[in-house]
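Atoms considered below: every heavy atom in the structure, side chains included; atoms not considered: hydrogens, waters and symmetry mates. In this chain, numbering begins with 1 at the start of the sequence shown.
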Amino acid sequence: MHKFAVSGFAALVLLIAGGTPQSAHAVTQAVQFNVLNASATLPTPFAAGDNLRLDTLVTTQVGSLLQTITFTVGAGVSDLTGEAAWEVSTAAGTGPRLVGVNLDIFDASNALVTSDSFAGTLGGFAISTFTSAIGPGTYRLVATGTGVRDSSLDVTLSFAGAVVPAPATWALLLTGIGALGLRTRGLRARQRRA
């Protein structure tokens with residue numbers, strides 16, 4: 001019976017591991033801005049595994065940065081993580097310099113969902129991160145700052161969700177558990193007769 005318990009448990013683990021669906025394919029929706037003040041609305045909802053990418057390179061303007069992206073999160077998404085990097089060359093230098101950057105995500109009622117957390121600078125780039133619980137709905141990513149010279153800003157948001165087995169996986173799992181129960185019942189009946 002001990003041999004059966006181990007092999008039955010191994011089969012159950014393999015059944016669960018093999019039956020959980022993997023993301024069909026992650027989609028990255030990219031938005032590119034070449035001016036300091038711009039907005040975009042993305043019509044396709046994000047699913048778990050998808051990414052939103054903001055790529056800004058402004059070489060013709062200086063001044064206030066105000067960029068907005070309105071996006072929708074679909075069912076099954078529960079978490080958001082993200083990273084941002086922008087060039088902050090020295091004040092006396094000639095390279096791109098974007099300062100005072102703030103990144104916020106608001107929901108449809110204009111309530112703040114999350115803001116980026118500054119992580120530091122490395123090699124002339126300032127770096128920040130995002131992490132937040134998020135659910136289905138409409139949101140806005142708002143980037144503000146000041147372009148002192150050319151401006152370079154990259155933001156990536158990644159959407160994740162809880163892995164929920166497909167209905168066929170549940171049916172297969174329940175069938176396997178039922179088979180294990182019948183097998184155990186048969187073994188016990190034989191033991192009682194012996």
Value rounded to 0.5 Å, distance of [atom1] in [X] from [atom2] in [Y]:
X: Glu83; Y: Asp116; atom1: CD; atom2: CG; result: 11.5 Å
X: Ser132; Y: Leu112; atom1: OG; atom2: CG; result: 9.0 Å
X: Gln29; Y: Asp50; atom1: CD; atom2: CG; result: 7.0 Å
X: Asn37; Y: Leu65; atom1: CG; atom2: CG; result: 7.0 Å

*Test side chain to side chain contact (heavy atoms under 4.5 Å, CB included) applied to Thr41 and Val31, Thr72, Thr138, Thr70, the passing residue*: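 Going through the options one by one, the only one that passes is Thr70.
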State, with a plain yes or no, whether a side-chain heavy atom of [X] is found less than 4.5 Å away from one of [Y].
X: Ser117; Y: Ser128; answer: no
X: Ile134; Y: Asp79; answer: no
X: Leu36; Y: Leu66; answer: no
X: Leu42; Y: Ile69; answer: yes
X: Phe33; Y: Leu54; answer: yes

*State, to 0.1 Å, how close Ala47 and Phe159 come at their nearest heavy-atom pair, and which atoms those are.*
O-CB, 3.8 Å
_Least distance between heavy atoms, Gly74 atom then Pro136 atom_ = O-CG, 3.7 Å
*Just by distance, with hydrogens left out, do Thr56 and Gln32 show a side-chain donor and acceptor under 3.5 Å apart?*
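Result is no, nothing qualifies.
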*So, Asn51 versus Thr156: side-chain donor-acceptor pair below 3.5 Å or not?*
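There is no such pair between these side chains.
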*same_hphob_cluster(Val142, Leu157) at 4.5 Å side-chain heavy-atom cutoff*: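 Different hydrophobic clusters.
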*asked:* Starting from Ile127, can I reach Leu103 by hopping between I/L/V/M/F/W/Y residues whose side chains sit under 4.5 Å apart?
replied: no
*asked:* When you measure from the side chain of Thr90 to the backbone of Gly93, do you find a donor-acceptor pair of N or O atoms at a distance under 3.5 Å?
replied: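 Checked: pair present.
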*Output field: ring centroids Phe46/Tyr139 closer than 6.0 Å*: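 Between Phe46 and Tyr139, the centre distance exceeds or equals 6.0 Å.
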*Pairs meeting criterion salt bridge (charged side-chain N to carboxylate O under 4.0 Å, His left out) with involvement of residues 136-154, two or more places apart*: Arg53-Asp154
